There are 2 protein chains.
Amino acid sequence: MIKRRATISQVASEAGVARSTVSRAFTRPDRLSPETVERVLAVADRLGYQPNPVAQALSTGQSKNIGLIVPDVANPFFPPLIRAAQRKAEDFGYCVFLGDSDEKPEREDQLVDRFTHQVAGLILVSSRLAEAQIREHARRRPLVLINQDVPEMLRVLINSGAGVTQAVAHLAELGHRHICYVSGPTTSWANRQRRAAVKLAAKQHGVTVSAVSAHKSTHEIGRASAQAVLGTGASAALAFDDLLAQGLLAGLRDAGVSVPSEFSVIGCDDVLGATTYPPLTTVSNRCIEVAEIAVTLLMDALGSRGSTDVRHVLDTHLVIRETTAAPGRPVPAKAARRKGGAAGNEQP
Amino acid sequence: MIKRRATISQVASEAGVARSTVSRAFTRPDRLSPETVERVLAVADRLGYQPNPVAQALSTGQSKNIGLIVPDVANPFFPPLIRAAQRKAEDFGYCVFLGDSDEKPEREDQLVDRFTHQVAGLILVSSRLAEAQIREHARRRPLVLINQDVPEMLRVLINSGAGVTQAVAHLAELGHRHICYVSGPTTSWANRQRRAAVKLAAKQHGVTVSAVSAHKSTHEIGRASAQAVLGTGASAALAFDDLLAQGLLAGLRDAGVSVPSEFSVIGCDDVLGATTYPPLTTVSNRCIEVAEIAVTLLMDALGSRGSTDVRHVLDTHLVIRETTAAPGRPVPAKAARRKGGAAGNEQP
DNA sequence: TTCTGCGAGGCAACCGGTTGCACGACAATC
DNA sequence: GATTGTCGTGCAACCGGTTGCCTCGCAGAA
């Protein structure tokens, strides 16, 4: 039932040459006479022969695969990145293994272990692993980090700090004196970076900053955090990412607080584009470039010209849409009453 | 610099046994004396030995990998499915190759070719390939289709027709007499299925149906289609998927048409949950189950107890949220004027 | 004519596992 | 005590490539 591909031996005997000659026809045609190459390739073509990558991997110790591990495939930040990485890898003739760590270091560790044997190198996105573990893994295979800053490794970072700084400045200019940061997963490097940027920029503009903590980034959690956000007395919020921001938008709507006239909201990562209502002011993202750079860096590392300490930083900027405005009348903390009907049937 | 894993030979010599004995200690411990097994495993453990999957794949002709190909990783329908598939595969000890075909049959074909040698089996999601090609690929490797109905193959289908039928009934009950179907990619099996279900159900309820065609499913295209949708004179629209529906919502807002009081909108796939504004009435999706079933089916096919003709259908239902209501005053076609400011700065 | 150099291509080992078969030891059977 | 069977293990071939080294033949130089 299952059809098997032609092997190198079949091509060899068909072409009347040794297996090594067939191999060389593909890998080092310059070491063979042009006629031989042509004849071998013709036979190979006729037989539909393609070198078996598994055998190649075993014999060379190098496969044409890379591993890509993300904390949560379903978080909208990652799919475009995954897609771009896969594309770029394909350009180099590589296939990609995808792993979802579910934000759990142990699972991430396991995935890396599983992949290690089968891949030439790895890309870890927003890794939740400790530095020591990352270094350990990097001893086995070339490894590139995205959004995780471990010294003396290959890493490419989105400096959302730049955009966040602009965001705070924007709010300050509009007249906001007290803002709230809705923080994301504490293990996330991006979260630490954004939080720090908010604090610093707020200080520079003489703006007070409160913080509300969302352990995970989902619409629901963002929505639920609206109460706490309003409770801080701030007139604007900057969320760790767009998902939380969008949830917050819904939560504020529930509370009868209108955006942006009464309260301003800024997201991060521009993952939802202008699809929210109102269209969300946010910090741009560079996830496609980041993925492409990471793949390229990894390919370099696989070749000879690999550097060992690269810190590639991509800047971001504020994208102003329609969720920010000058602070309106202050929202009394008790405006945090539910308004309007239920949110509709959730699916079972 | 790069550390290599222990091999079977090292374990063998360290344990004072033949390589075959080490191999058997892992694969068929029942053929060995318990003491030998224990000793070998102890040594293996001490050396950190793990069988090299590449060598295993070469020697057995079976790898513990599967390939998963989707038309567009970034379309929100797929990430949860991808994630679920990866999880489930991991439960069986399998790793997954991910491919993005960009909706292009040629690319999909290429990806399958690339994967074939390295995987035990394949899962094609919403394949854009022609039947003949799919059959050809299936001759090489066990193959499971998701949302593509090719006779005599392993396939698991989401019957969104069921939910769509409910949706049309729902609109009819509310009093709508003329609805519009915003169709998706013509190559999509799901689109054909939904379109047919809309037509049939509309006929049964004596409802007129117009169609507007969106070649691809994105927010922007949905938004742009609002004009055409209003132009049909319908009082409600059913979109191929949530993305188009959400875009349509934005387009209607642009046109000053309020949802649901003036116009009703229903999506499909429940991919956005209650995150839209207003929360979108839609047809439920089963993408997680579908992924798990597909993986399980594939695993069965890899084992001996593989069936060759399975058609697993999962039903769906209507999820009523807040974008449907009884038809209000009819919307004059020329109400299709732009209203309100620009959508804000798009990122560059 | 003999020697040297070089290019083309074959031989065989190797990558790290798996597996059919054979062999030796020991127990059970006649 | 010889025969048969069973169990545990080793030997060696094999999966399908790659690659270092050797040989062979031919051209050019001495």
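From a predicted model like this one, the values you see are computed outputs, not experimental measurements. Chain letters run A, B, ... following the sequence lines, proteins first, then strands; residues in each count from 1.
Contact footprint of chain B on DNA chain C: nucleotides with an atom under 4.0 Å from a non-hydrogen protein atom, first to last in 5' to 3' order, C/dG16 to C/dG20.
For DNA chain D, the residues of residues 7-30 of chain A within the heavy-atom distance limit of 4.0 Å (strictly under) are A/Thr7, A/Ile8, A/Arg19, A/Ser20, A/Ser23, A/Arg24, A/Thr27, sorted by number. Looking at residues 45-57 of chain A, you'll see that no heavy atom sits under 4.0 Å from any atom of DNA chain C.
Using a 3.5 Å distance cut-off with no hydrogens or angles, the side chains of B/Glu108 and B/Ser127 do pair a donor with an acceptor. When only modelled atom types and interatomic distance are considered, B/Glu106 and B/Gln110 share no side-chain donor-acceptor pair under 3.5 Å.
For the pair A/Leu157/A/Trp189, a side-chain contact is recorded, criterion being any heavy-atom separation below 4.5 Å from C-beta on. Looking at heavy atoms from C-beta onward, B/Leu302 lies in side-chain contact with B/Tyr94 at the 4.5 angstrom threshold.
From A/Phe115, atom CZ reaches atom CG of A/Asn65 across 10.0 Å, with rounding to the nearest 0.5 Å. Rounding to the nearest 0.5 Å gives a distance of 11.5 Å between OG1 of B/Thr21 and CZ of B/Arg31.
A donor-acceptor contact shorter than 3.5 Å is absent between the side chain of A/Asp102 and the backbone of A/Lys104. Between the A/Thr296 side chain and the A/Glu292 main chain, a donor and an acceptor come within less than 3.5 Å of each other.
When heavy atoms are screened at a 4.0 angstrom cut-off, B/Leu58 is found touching base atoms of the nucleic acid.
Taking the charged nitrogens against the carboxylate oxygens, B/Asp113 and A/Arg5 do have a contact shorter than 4.0 Å, which makes a salt bridge.
Not counting sequence neighbours, A/Asp45 has no partner by the salt bridge (charged side-chain N to carboxylate O under 4.0 Å, His left out) test.
When every heavy atom of B/Asp100 is checked against every heavy atom of B/Leu111, the shortest pair comes out as O-CD1, 3.5 Å.
For the helix from C/dT1-D/dA30 to C/dC30-D/dG1, the axis fitted to the five pairs at one end and the axis fitted to the five pairs at the other end meet at an angle of 60° (nearest 10 degrees).
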For residues 148-155 of chain A, which side-chain N or O atoms pair as donor and acceptor with protein atoms under 3.5 Å away, sequence neighbours left out?
unit_1	atom_1	unit_2	atom_2	d
A/Gln148	NE2	A/Leu129	O	3.4
A/Asp149	OD1	A/Arg155	NE	2.5
A/Asp149	OD1	A/Arg311	NE	3.3
A/Asp149	OD2	A/Arg311	NE	3.0
A/Asp149	OD2	A/Arg311	NH2	2.7
A/Arg155	NE	A/Val150	O	3.3
A/Arg155	NH1	A/Met153	O	2.8
A/Arg155	NH1	A/Asp309	OD1	3.0
A/Arg155	NH1	A/Val310	O	3.3

